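The next block holds one structure in the form of structure tokens; read it before the comments.
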Amino acid sequence: MEFHFNSKRKVNMEIFWIISGLTIIGLIGFGLQVFAIHSYTKTTRRLGEEQDSIETFPPISIIKPLSGLDDNLFDNLESFCRQDYPKYEILFSIQDMNDPTYRVVENVKKRFPEKEISILVERCNEGLNPKVNNMLPAYRQARYPYILVSDSNVMVDQDYLRRIIQHMQDPKVGLVTNLIRGVGAKTIGSLFENLQLNSFILGNVCFLKKFFNISCVVGKSMLMRRCDLEAIGGLRAFKDVLAEDHFIGENIKKKGQEVILSNYMISNVNEYWGLKRFLNRHLRWGKMRWKILGYKYFTELIENPVLLSLPCLLFEGPSTRALILIASVSLAKGIGDFYIGEKISAQLHPLAYLLSPLKDLLMGMVWFMSIANDTVVWRGKQYLIGENTALFPYLQKGVWTWRDRFADRIRARIA
Amino acid sequence: VNLRRTVDLFGQAGFDVVAITDHVVNGESTYGKVANRFKFSLNKGNFDAYFSQIREEGKRALEKYGLLVIPGVEITKSSLSSNMSAHFLLIDIKEFIPASWNYEKIFLEAKKQDALIIACHPHHTSELMVIDTLYLWNNRQKYARYIDAWEIANRDDVFNVISLKKYPYIAGSDFHRVRHLYSWKTMLNCEKEISAIKQCIRYNRGVAITLFRNGVPF
């Protein structure tokens with residue numbers, strides 16, 4: 001009996017050390033991400049100083065797909081109207097005249113009569129990707145040789161266009177994308193969202209660029225030559241994939257051109273998000289990465305040391321060393337996130353970083369759920385996603401009908 | 001939600017007009033005593049500061065968003081009994097009116113100041129934790145002549161009794177949290193000018209209510 005007890009203890013001990021080892025690997029990975037962000041944001045200023053000397057500024061068409069009121073929408077849109085840039089047009093693209101954003105863009109247009117601003121209202125159902133559908137009418141109307149795709153929830157400084165166009169001086173460059181930071185959190189959902197953007201997303205983007213020279217394309221800001229985009233089939237070629245930004249970048253690379261990750265940081269303003277919206281977005285992004293990365297998606301688990309440290313509670317129970325491991329990993333993660341936040345001026349209260357480990361646990365759940373099914377809900381529509389994020393209509397057939405009816409019944413009960 | 005943030009939220013969302021109506025609570029009831037004790041209520045002492053703050057924010061809102069901000073108060077006569085409770089808005093008042101006065105006195109003073117009088121959530125609501133405010137509705141024969149409009153919808157509630165009685169109507173949002181932005185709103189067919197707005201509501205022509213939603217059911 002005593003022998004059995006000792007051997008069980010020994011096995012638990014071994015599992016504890018394996019978990020600790022994995023957690024430490026995760027922490028080292030996180031440390032490298034922090035280092036990558038540190039070095040990448042350090043070069044921002046240096047590059048900025050150099051870039052002021054260049055003087056060619058070709059005209060740009062900015063495409064803004066709009067749907068629903070984003071936080072800070074008026075100021076976000078206004079920041080694009082205040083660009084210190086000689087010639088550019090802004091195309092606000094809306095699918096529906098009754099969309100509340102219509103009033104906002106009308107006000108913005110009235111406020112800047114001297115700017116080339118067009119409001120395009122057209123219901124376009126050419127593809128399944130609602131964002132691409134929304135952008136297509138604007139893309140057809142765009143007049144200038146450079147196309148900038150920019151989401152409605154980003155805010156930029158006055159020199160944004162001047163800075164990003166510099167990279168296009170080199171004809172080998174086919175696409176310029178930007179680093180993104182989440183700012184302005186006023187609710188728990190938006191706090192989690194900004195922590196995730198600033199730590200996991202920004203960390204991975206910088207890490208991949210720094211150590212593997214891979215530029216991740218983030219659809220919130222993509223600058224391209226119109227001729228290059230046309231050469232890969234135009235926006236229409238990406239109307240049926242979920243990760244249109246990723247595949248635009250991939251096709252540009254296949255064409256033999258470079259994708260540049262500009263270290264000019266833009267702000268993604270998330271103020272009043274609910275927890276549900278936060279989880280839904282990252283579930284969608286998780287499924288997208290799962291479909292693109294395949295087995296490489298499992299490496300993301302290593303990037304979550306807080307989650308990795310938890311299983312020791314299962315094997316050890318709340319023992320002193322298990323609690324010390326979890327507490328120290330959570331502390332290290334919180335401090336790391338705080339450092340990143342300060343580095344990129346994320347405007348978060350220092351105490352907000354105490355919630356960073358909780359956010360990581362939620363993201364751990366989302367990681368597992370992303371693998372569990374192939375349906376996504378985006379802008380109120382449900383889709384099935386296949387290989388390489390190909391979208392398919394979600395048809396309520398066979399067993400799915402019953403599943404939906406069951407879910408609807410539960411929802412109705414809760415309501 | 002503080003005043004500046006409220007103005008920004010409505011401005012960012014493209015609204016034309018917003019009336020800011022903080023509570024003036026009657027001091028006689030227990031509820032009122034607590035509200036006054038913890039400074040949750042407007043009173044004669046802080047009324048001028050409240051108004052000047054609204055005026056300042058109004059200037060900023062008009063300049064930045066083209067949003068017209070109208071000052072007002074919500075007279076809050078609360079009691080533990082719903083039949084004794086009443087809330088009503090006085091929009092565009094110029095001087096402080098205490099909630100402790102009787103109804104007629106408040107209405108007459110508001111009329112003297114050319115303020116708009118609106119009965120808030122006058123019937124049973126779906127809120128479980130809030131006491132309904134039924135006094136004005138129960139005494140409508142007596143008070144309807146003073147009231148310029150009745151709230152026909154508030155947050156998620158719609159009061160069909162207002163429609164049945166053919167009273168002049170308006171939607172209200174009772175904005176206490178950010179999520180309350182998405183609620184019933186009023187559309188007025190008139191100039192964006194305080195007197196035109198008041199006239200439009202009083203005559204109750206060209207008034208429509210709409211359920212304002214974001215359109216992003218994530």
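In what follows, every chain begins at residue 1, and chains take the letters A, B, ... in the order their sequences are listed. Since the structure is predicted, the reported quantities are computational estimates derived from the model, not experimental observations.
Crowding of B:Asn189 atom CG: a count of heavy atoms from other residues, nucleotides or ligands under 6.0 Å not exceeding 12. Atom CG of B:Leu80 has 12 or fewer neighbouring heavy atoms from other residues, nucleotides or ligands inside a 6.0 Å radius. Atom CD of B:Glu191 has 12 or fewer neighbouring heavy atoms from other residues, nucleotides or ligands inside a 6.0 Å radius. When the shell of 6.0 Å around CZ of B:Arg205 is examined, it contains 12 or fewer heavy atoms from other residues, nucleotides or ligands. Applying the 6.0 Å contact sphere to NZ of B:Lys59 captures no more than 12 heavy atoms from other residues, nucleotides or ligands. Within 6.0 Å of NZ in B:Lys165 there are 12 or fewer heavy atoms belonging to other residues, nucleotides or ligands. Annotation for B:Lys94: atom NZ counts as buried by contact number, over 12 foreign heavy atoms lying within 6.0 Å. Remark: B:Asp156 CG is loosely packed, at most 12 non-hydrogen atoms of other residues, nucleotides or ligands lying under 6.0 Å away.
Contact between B:Phe212 and A:Pro100 at its shortest, heavy atoms only, is CE1-CB, 3.8 Å. In plain terms, the two heavy atoms of A:Arg111 and B:Lys64 that are nearest each other are NH1-O, 3.1 Å.
Residue contact with chain B, scored on non-hydrogen atoms closer than 4.5 Å, involves the backbone and the side chain of A:Asn72 alike. In this structure, chain B has heavy atoms under 4.5 Å from both the backbone and the side chain of A:Asp75. For A:Lys110, no part sits under 4.5 Å from any heavy atom of chain B, backbone or side chain. For B:Arg179, no part lies near chain A; criterion is any non-hydrogen pair under 4.5 Å.
Looking only at side-chain heavy atoms (C-beta outward), A:Phe74 and B:Asp8 stay at 4.5 Å or farther from each other.
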Checking side-chain contact (heavy atoms from CB on, under 4.5 Å) for the pair B:Leu9/A:Tyr272: CA distance, chi angles, key distance, verdict?
CA-CA 10 Å; B:Leu9 274 166; A:Tyr272 301 108; 3.7 Å; yes

Show, in sequence, the C-alpha distance, side-chain angles and deciding distance for A:Glu271 and B:Val178, and conclude whether the side-chain contact (heavy atoms from CB on, under 4.5 Å) test is met.
CA-CA 10 Å; A:Glu271 291 179 322; B:Val178 175; over 6 Å; no

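The distance from atom CD of A:Glu78 to atom CD of B:Gln12, rounded to the nearest 0.5 Å, is 8.5 Å. Atom CG of B:Leu67 and atom CG of A:Asn107 lie 9.5 Å apart (nearest 0.5 Å).
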